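Report on the following structure.
Throughout, a chain's letter reflects where its sequence line sits, starting with A, and its residues are numbered from 1. The shown structure was predicted, so the numbers you read here are calculated from the model rather than taken from an experiment.
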Amino acid sequence: MYEALINFLRSFSAQYPLPWALLVMAVISGAGLLLYGFWELTLRGASRFLGGPSSRAGAPPASDRPRQ
Amino acid sequence: MLFPNADVVVNPALLALLGLIVGALGGFFGVGGGFLITGGLLVFGVPEIYAIGTGLTLIMGSSIINTLKHRGLGHVDFRLGLLMIAGTLPGVLLAERLNSSLEAAGRVGNVIPYVYVVVLLALSSFLIYDYLKTRRASASRPPGTGEAVSTAGLTRRVQALRIPPHSIKLPGRPALSTYIALPVSRIERISVFVPILVGFGIGFFAGLLGAGGGFILMPVLVFVLGISTTVAIGTDLFQVIITGSWGTLLYALGNNVDPLMALIILTAASAGSQIGTTATRYVDAGRIRILYGITVLSGALAIGTGQLAKTSPSLAFLSAIDDWLLLGIPGLMCLIITGLMLRAARRRRPASGESL
């Protein structure tokens with residue numbers, strides 16, 4: 001399985017540069033969105049379980065603009 | 001574990017540790033973490049061009065996560081980010097051409113680390129200077145009355161810059177002003193060419209150094225454009241998505257990216273970014289900037305000692321110091337950030353009932 005993956009990655013990247021580049025971008029962007037969703041759900045679930053408001057609620061910024 | 005595209009064996013646990021640190025610092029400082037990722041991958045023995053390409057790919061992924069998180073906190077000025085992107089793309093393209101020429105001439109391995117060291121040293125020195133100069137003013141200011149920065153005069157002048165053309169005439173439509181308001185950044189009026197030029201400069205650095213450019217952009221937004229640190233962090237991350245994507249495309253076309261390596265680091269980085277982004281709600285801006293300055297300084301020293309270690313066999317022992325500086329100090333910084341966040345959250349919670 002791992003060998004097959006290695007062979008695919010090597011051959012596809014060498015033979016098809018543009019589809020390869022787009023595939024890399026799609027996989028990493030998709031993974032980023034999935035991981036963001038996963039953590040949002042996990043933290044909201046944890047927050048609800050612990051009885052507090054969700055992580056976005058009532059979030060005053062720690063600071064504001066530079067002094068002019 | 002073998003990473004087939006880069007053709008190198010690296011321990012995935014080390015990559016995960018690097019990802020955790022990069023994610024936490026990225027969320028907290030608003031940087032993609034390129035100087036850490038590329039430097040870290042070089043320490044792990046990844047070939048230079050793959051370290052840069054994979055670094056940019058990871059920057060793209062981790063910036064997506066961090067931007068979405070900061071958007072929820074109201075820290076992203078999309079209008080400003082889009083304007084900067086208009087300048088960033090040609091900047092990255094120009095730098096990538098320059099990088100390819102240097103690589104063809106066999107100079108890429110020599111040039112990049114030295115440029116890195118100089119830029120990081122200059123940046124960290126300025127951040128430390130600014131902190132020392134403004135800390136009394138910051139301490140005496142009541143909460144919510146603004147950040148004290150040493151370049152307030154410069155930010156006023158930059159915001160007031162008048163760059164022609166002042167309007168663009170479109171057929172059949174009234175003239176379109178080239179000055180806009182940026183309410184999220186609390187800028188009443190600024191020429192659109194200012195953010196575009198800033199974006200171009202950042203894009204050029206990003207492409208040249210294999211970084212997202214966030215490590216320069218965040219201080220530029222604060223100290224040159226006069227934007228608050230938290231909005232600078234969020235907007236910076238949004239802009240870094242585009243820089244990282246463009247860089248990823250260019251490097252992946254040349255088959256200089258290892259996606260398997262990037263995926264492992266990204267998964268760990270997503271966990272770290274939860275800590276970093278949440279901490280920006282609790283730690284004051286002055287502290288964020290000085291911690292950033294120290295982190296950047298450690299990056300500069302790490303890359304500098306790494307280069308020194310290569311110059312002579314008698315200096316080879318420096319490579320161990322290099323590894324510690326590169327990963328140890330940012331790792332320590334993650335612990336400090338977590339500690340500051342927990343302390344501040346504990347102080348606030350009784351009054352507001354707020355949870356992390």
Residue part contacting chain A, namely of B:Ala269, when any heavy atom lies under 4.5 Å: neither
Inter-residue atom distance B:Ser270.OG - A:Phe38.CZ, 0.5 Å rounding: 7.5 Å
A:Leu22 vs B:Leu249 side-chain heavy atoms within contact, under 4.5 Å: yes
CD1-OG1 distance between A:Ile28 and B:Thr248, expressed to the nearest 0.5 angstrom: 8.0 Å
From B:Asn255 atom CG to A:Gln15 atom CD, the distance as rounded to the nearest 0.5 Å: 11.0 Å
A:Tyr16 atom OH: more than 12 heavy-atom contacts under 6.0 Å: no
Least distance between heavy atoms, A:Trp20 atom then B:Pro259 atom: CH2-CG, 3.5 Å
Partner chain A: residue of B:Asp258, B:Val257, B:Asn66, B:Leu266 with the largest heavy-atom pair count (under 4.5 Å): B:Leu266
Per-residue contact mode, A:Leu34 against chain B (heavy atom under 4.5 angstrom): neither
Between A:Ser13, A:Pro17, A:Ala31, A:Pro19, the one whose heavy-atom pairs under 4.5 Å with chain B are most numerous: A:Ser13
Chain A contact via B:Leu253 - side chain, backbone, both or neither, heavy atoms under 4.5 Å: both
Side chain proximity check, A:Leu33 to B:Ile65, heavy atoms < 4.5 angstrom: no
Distance (rounded to the nearest 0.5 Å) between B:Lys69 NZ and A:Leu43 CG: 5.0 Å
Separation between CG of A:Leu5 and CG of B:Leu260, rounded to the nearest 0.5 Å: 6.0 Å
Spacing of OH belonging to A:Tyr36 relative to OG1 belonging to B:Thr67, to within rounding of 0.5 Å: 10.5 Å
Nearest heavy atoms of B:Ser245 and A:Met25, plus distance in Å: O-CE, 3.4 Å
B:Thr267, part contacting chain A, at a heavy-atom distance under 4.5 Å: both
